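Note that the structure is a prediction, hence the values are computed from the model and not measured.
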Amino acid sequence: MNPVQINNIDHADLRISPRAGAAFGDATNQTLIFPAEFEEVQREFAIIFRRRDEGLQAYALLGLDRDENLFLAGDYWTSRYVPASHQRGPFSIGLVRPSSDDVGEPMLHVDLDDPRVGDNAGLPLFLEHGGSTPYLDHITGVLRLLYEGIETAPAAYAALDEAGLLTSVTLTVDVSEERRYTIPDVLVVDIEHLAALTGEPLERLHRSGVLRLAILAAASLGNIQQLIARKQPLLSQIG
């Protein structure tokens with residue numbers, strides 16, 4: 001990797017291809033997501049939670065087999081929404097510290113070693129007179145979502161857990177009479193516990209926005225049917 005801070009002088013003519021693909025880490029059956037994208041994610045993907053060493057994390061379920069993304073077709077996504085961690089492409093946030101005592105200011109970086117960088121058929125980052133293009137503005141928003149999500153997600157997920165709204169399950173997905181997939185050690189929103197919330201706990205979760213996250217995550221589980229619908233034709237081809 002060769003990340004460098006972007007500026008409109010050194011990178012005035014730089015173009016980036018927004019293409020996706022397995023070579024860029026898009027062939028994965030689960031991907032990390034953050035609270036600010038739950039509304040978009042729940043329209044397409046099932047939202048699950050896992051306990052990691054660093055705490056609870058949320059994921060969008062993309063496939064059933066290892067390294068399988070049922071929403072990826074070659075170099076593009078077929079879903080209406082692409083999780084932010086994949087939208088960012090070769091871009092990242094780097095902390096620039098004028099001195100060792102500074103906390104650091106987050107700045108936009110691009111990996112010059114990424115094959116999507118420098119593609120003449122790609123999208124420009126800057127306008128002719130130095131302003132940001134819509135593409136660069138979009139990427140900046142995506143990285144802001146990720147940066148803020150890393151900061152805010154732990155408290156939101158801990159609130160869900162403390163309210164007893166997450167339950168540990170093994171998801172069972174029957175794709176056909178002959179093929180069943182199991183996804184162990186995941187947590188999902190317990191709909192019965194969610195419906196039973198009353199009084200101050202309910203009001204507290206509502207005020208903090210965590211209740212909305214719970215509702216979105218619970219509703220998203222219906223998208224497992226979309227996974228099944230996308231998987232069945234692939235199994236038919238194998239058969």
Side-chain angles (χ1 to χ4, degrees), residues 1 20 22 24-72 77 79 81-95 106 139 141-173 181-191 193-194 197 201 204-205 208-224 226-227:
M1 291 184 64
F24 307 119
D26 293 313
T28 179
N29 61 11
Q30 297 173 32
T31 195
L32 195 66
I33 58 171
F34 296 96
E37 56 183 333
F38 268 36
E39 183 169 354
E40 295 285 357
V41 168
Q42 66 87 29
R43 296 190 178 110
E44 297 283 316
F45 315 107
I47 297 173
I48 60 174
F49 299 84
R50 290 188 179 277
R51 294 192 191 277
R52 301 302 193 195
D53 291 341
E54 59 271 32
L56 279 166
Q57 293 185 332
Y59 296 84
L61 192 58
L62 306 177
L64 296 170
D65 280 311
R66 183 180 178 86
D67 300 328
E68 176 184 66
N69 182 348
L70 293 170
F71 299 86
L72 183 67
W77 288 67
S79 53
Y81 178 75
V82 177
S85 57
H86 295 266
Q87 286 190 55
R88 72 179 183 88
F91 298 94
S92 62
I93 289 286
L95 293 178
I139 291 298
V142 168
L143 290 173
R144 184 180 298 114
L145 184 155
L146 293 171
Y147 184 78
E148 294 175 353
I150 291 171
E151 297 294 320
T152 61
Y157 301 156
L160 284 174
D161 200 23
E162 290 164 6
L165 293 180
L166 297 179
T167 186
S168 179
V169 299
T170 294
L171 289 178
T172 301
V173 182
Y181 290 89
T182 58
I183 306 171
D185 304 322
V186 302
L187 297 131
V188 298
V189 171
D190 189 311
I191 296 177
H193 287 180
L194 180 61
L197 275 178
R204 183 175 67 253
L205 291 176
S208 66
V210 172
L211 180 63
R212 181 171 176 273
L213 296 180
I215 293 170
L216 291 171
S220 77
L221 295 178
N223 288 320
I224 289 176
Q226 186 175 176
L227 276 183

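- More than 12 heavy atoms of other shown residues, nucleotides or ligands fall within 6.0 angstrom of atom CZ in R52.
- Between L213 and P35, the closest heavy-atom pair is CD2-O, 3.7 Å.
- Note: N29 CG to D67 CG = 7.0 Å, rounded to the nearest 0.5 Å.
- In this structure, the separation between CG on D190 and OG on S168 is 11.5 Å, given to the nearest 0.5 Å.
- For the side-chain hydrogen bond (donor to acceptor under 3.5 Å, both in side chains) test, residues two or more places apart in sequence or in another chain that qualify with D26 are H86.
- Nearest heavy-atom pair across A218 and L194 is CB-CD2, 4.4 Å.
- With sequence neighbours excluded, the residues forming a side-chain contact (heavy atoms from CB on, under 4.5 Å) with L32 are F34, Q57, Y59, listed by chain and number.
- Every side-chain hydrogen bond (donor to acceptor under 3.5 Å, both in side chains) that E37 has, sequence neighbours left out, goes to Y81.
- The two residues V41 and A60 have their closest heavy-atom pair at CG1-CB, 4.1 Å.
- In this structure, G25 and T28 approach most closely via the heavy-atom pair O-CG2, 4.0 Å.
- Looking at residues two or more places apart in sequence or on another chain, you find no side-chain hydrogen bond (donor to acceptor under 3.5 Å, both in side chains) involving R88.
- Note: I47 CD1 to I33 CD1 = 4.0 Å, rounded to the nearest 0.5 Å.
- One distance of note links CG of L165 with CG of L211; it measures 8.0 Å at 0.5 Å rounding.
- Shortest non-hydrogen contact noted between A84 and L145 is CB-CD2, 3.9 Å.
- A 6.0 Å sphere centred on CD1 of I191 holds no more than 12 heavy atoms belonging to other residues, nucleotides or ligands.
- By the side-chain contact (heavy atoms from CB on, under 4.5 Å) test, I93 pairs with P106, L143, Y147, sequence neighbours left out.
- Scored by the side-chain contact (heavy atoms from CB on, under 4.5 Å) test, A46 finds L61, L221, I224 as partners (sequence neighbours excluded).
- Evaluation of the side-chain hydrogen bond (donor to acceptor under 3.5 Å, both in side chains) rule for E151 yields no partner, not counting sequence neighbours.
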Scan the side chains in residues 152-163 for donor-acceptor partners under 3.5 Å anywhere in the protein, sequence neighbours excluded, and list what turns up.
{"unit_1": "T152", "atom_1": "OG1", "unit_2": "E148", "atom_2": "O", "d": "3.1"}
{"unit_1": "D161", "atom_1": "OD1", "unit_2": "R51", "atom_2": "NH2", "d": "3.1"}
{"unit_1": "D161", "atom_1": "OD2", "unit_2": "R51", "atom_2": "NH1", "d": "3.0"}
{"unit_1": "D161", "atom_1": "OD2", "unit_2": "R51", "atom_2": "NH2", "d": "3.3"}

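- In this structure, the separation between CG on N69 and CG on L64 is 11.0 Å, given to the nearest 0.5 Å.
- Applying the side-chain contact (heavy atoms from CB on, under 4.5 Å) test to S208 and every residue at least two apart in sequence or in another chain returns V210.
- Of the listed residues (L166, T167, V169), just one forms a side chain to side chain contact (heavy atoms under 4.5 Å, CB included) with V186, and that residue is V169.
- Listed by first and then second residue, the side-chain hydrogen bond (donor to acceptor under 3.5 Å, both in side chains) pairs that reach into residues 38-50 are Q30-R50, E39-R43, E39-R212, E40-R43, E44-R80, sequence neighbours excluded.
- Remark: of the listed residues F45, Y181, F71, F71 is the sole one forming a side chain to side chain contact (heavy atoms under 4.5 Å, CB included) with L227.
- Every salt bridge (charged side-chain N to carboxylate O under 4.0 Å, His left out) that D65 has, sequence neighbours left out, goes to K231.
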